[in-house]
> 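Structure in structure tokens, see below.
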Protein chains: 2
Amino acid sequence: MANRGVARREQILYAAMMVFADHGYHRASLAGIAEQAGISQAGLLHHFPTKQHLLIAVLEVRDRLDVEWMADLDGGTGPRLLVTLLRLVDRNRRLGGLVQIYTALSGESVTDDHPARAWFTGRYERVTASIEVGLRAGADGLRPEVDCGQLAREVVAVMDGLQLQWLLNPEVVDMVAAFRAYATRLIRSSALDPEPVVALLATAVPVPLATHAG
Amino acid sequence: MANRGVARREQILYAAMMVFADHGYHRASLAGIAEQAGISQAGLLHHFPTKQHLLIAVLEVRDRLDVEWMADLDGGTGPRLLVTLLRLVDRNRRLGGLVQIYTALSGESVTDDHPARAWFTGRYERVTASIEVGLRAGADGLRPEVDCGQLAREVVAVMDGLQLQWLLNPEVVDMVAAFRAYATRLIRSSALDPEPVVALLATAVPVPLATHAG
DNA sequence: GTCTATAAACGGATAGAC
DNA sequence: GTCTATCCGTTTATAGAC
């Protein structure tokens, strides 16, 4: 029973994630989050003293999830890293609203003095650095003129940009297929003997439901 | 003097663009916009009856700018289209805060019932369709397996994703160089005789100031 | 830990004088 | 067309009882 308070915190965090996903940060109200969590607004503020504290706590959840992801990344380098990232894109598609939080918040955060801005800036540095390491480690077959740091940012950009289009229009945009095509072309244009990995890209994720507009 | 009212409108629109860029939509206040425009808040509402009307008007300015851009697009097809887009990325870098509006608003807009959501969804359809047409028109040298519609979304994704990273950390992220590298690789991997265009990509935009972290 | 009640501030929008 | 004054809803945060 000592962890009852902890359970409440998790409950509130989960509710906050859902409401932030639906409305972004500034339009989300503590009352709405509290209602979702089955607690009063004042009760919520007992666990998280301000709205900003709550936001930071939500972002820290993502940080913890990132640790798992980084572990995945260590499992693949060079071309195989792209297979891992394709799986990540597919996971994001299935998670749906939970990734919407971060797209919505990252867009919001480019405004001045947004409480999440420093967090996003730091997160991009960490993520792109991590991908850069993975690319460099498997760069045996890479063309010499490729800048791994720049390429890491490009890969992240493709994932983010596709995610934005998908969130706006999920019926039409198939971000898994689009990322698969991108990764396949990238490998073919950069590596010497990529065919085994290209085959893996084709099968790593179940064939999408072909929601692309006909 | 008959256009005095029109001038006032433009003045308010410009102020709104700046404040939306700084704070996003929901956190921007009419009082702040009015102050920036040198008018009272009630005076502002005489020209734009609600805050949402003002937002729509700002988006319509972008629509008009898009028309010019579309005209540019018609000037290039296939590989040459990417040169045009590289110039666009460079223009966005120089415009700075004015593009920040749309990154901030597009992120915000993925939340439910955001007043700009429909506009962004429609805009992506138009822009990607336009790029798709340009790609297809110059597809003589394109590999047959390339899906031009999907590739158009990918190109837009790269531009948006790089822009987000650049806005968060302009000192470190060089989105022009990153897009140039992407476009060069794309052409080399897709077209039969791309070298003339690749050379154009290298010179179409002045060499960036190499702000990339050392 | 959780609640009710309320403070204190800010938001968009309206009324009406000039 | 522009202003001052004001209404009214919403928001975060606090006070204090239980």
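Just so we're on the same page: letters track the sequence lines, and every chain starts at 1.
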> For A/R87, is there an ion pair with A/D90 - N to carboxylate O distance below 4.0 angstrom?
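No, A/D90 and A/R87 are not salt-bridged.
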
> Under 3.5 Å, is there a donor-acceptor pair linking the side chains of B/N92 and B/W166?
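On atom types as modelled, these side chains do not qualify, holding no pair under 3.5 Å.
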
> Give each stem of DNA chain C as a range with a range, requiring at least 3 consecutive Watson-Crick or G-U wobble pairs whose two distances are under 3.5 Å.
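Stem list for DNA chain C: C:1-10 with D:9-18, C:12-18 with D:1-7.
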
> Answer yes or no: is there an ion pair linking A/D147 with A/R136, defined by an N-O contact shorter than 4.0 Å?
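Result for this pair is no, no salt bridge flagged.
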
> Would you be so kind as to tabulate the donor-acceptor pairs closer than 3.5 Å made by side chains of residues 28-42 of chain A, with sequence neighbours excluded?
unit_1 : atom_1 : unit_2 : atom_2 : d
A/S29  : OG     : A/G32  : N      : 3.0
A/S40  : OG     : A/G43  : N      : 2.9

> Under 4.0 Å between a Lys/Arg side-chain N and an Asp/Glu carboxylate O for B/R64 and B/E60?
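No.
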
> Whole angstrom is fine here: how far is it from CZ in A/F48 over to C1' in C/dT2?
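The distance from CZ of A/F48 to C1' of C/dT2 comes to 15 Å, rounded to the nearest Å.
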
> Side chains of A/R153 and A/Q150: donor-acceptor distance under 3.5 Å anywhere?
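Checked: A/R153/A/Q150 side chains show no N/O donor-acceptor pair below 3.5 Å.
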
> Could B/R117 and B/D113 be called an ion pair, given the rule that one side-chain N must be under 4.0 Å from one carboxylate O?
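Between B/D113 and B/R117 there is no salt bridge, as every charged N stays at least 4.0 Å from the carboxylate O atoms.
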
> Where along nucleotides 3-18 of chain D does protein come under 4.0 Å, by heavy atom, of base (B) or sugar-phosphate alone (S), with - for untouched nucleotides?
BB------SBBB----

> Using heavy atoms and a sub-4.0 Å distance, could you list which residues of residues 13-21 of chain A are near DNA chain D? By number, please.
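Residues of residues 13-21 of chain A that come under 4.0 Å of DNA chain D do not exist, since none gets that close.
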
> Restricting to ring pair (Phe, Tyr, Trp, His ring centres under 6.0 Å), what partner residues turn up for B/H114, sequence neighbours left out?
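Scan of B/H114 (ring pair (Phe, Tyr, Trp, His ring centres under 6.0 Å), adjacent residues dropped) gives B/Y25, B/H26.
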
> Using a distance-only test with no angle check, is there a side-chain donor-acceptor pair under 3.5 angstrom linking B/Y124 and B/D160?
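Yes, side-chain donor-acceptor contact under 3.5 Å.
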
> Within a strict 4.5 Å, meaning less than it, do heavy atoms of the A/L13 and A/F48 side chains meet?
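They are in side-chain contact.
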
> Would you say that A/V155 contacts A/L85 through its side chain, given a criterion of any heavy-atom pair below 4.5 Å between the two side chains?
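A side-chain contact under 4.5 Å exists here.
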
> Identify, residue by residue, the members of residues 100-117 of chain B with a heavy atom below 4.0 Å from DNA chain C, and return them in order of residue number, or none.
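None - not one residue of the stretch has a heavy atom sitting under 4.0 Å from the strand.
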
> Look at the side-chain N and O atoms of B/H46 and state whether any lies under 4.0 Å from the OP1 or OP2 oxygen of C/dT14.
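No.
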
> Within this structure, what is the CD-to-C1' distance between B/E35 and C/dG11, rounded to whole angstrom?
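Computing the B/E35:CD to C/dG11:C1' distance gives 16 Å.
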
> I need the minimum non-hydrogen distance between A/D22 and B/T111, along with the two atoms involved.
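Looking at all heavy atoms of both residues, the closest pair is O-CB, 3.0 Å.
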
> Check B/R27 with B/E108, please: is the shortest side-chain N to carboxylate O separation under 4.0 Å?
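Here B/E108 does not pair with B/R27 in a salt bridge, since their nearest N and O are not under 4.0 Å apart.
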
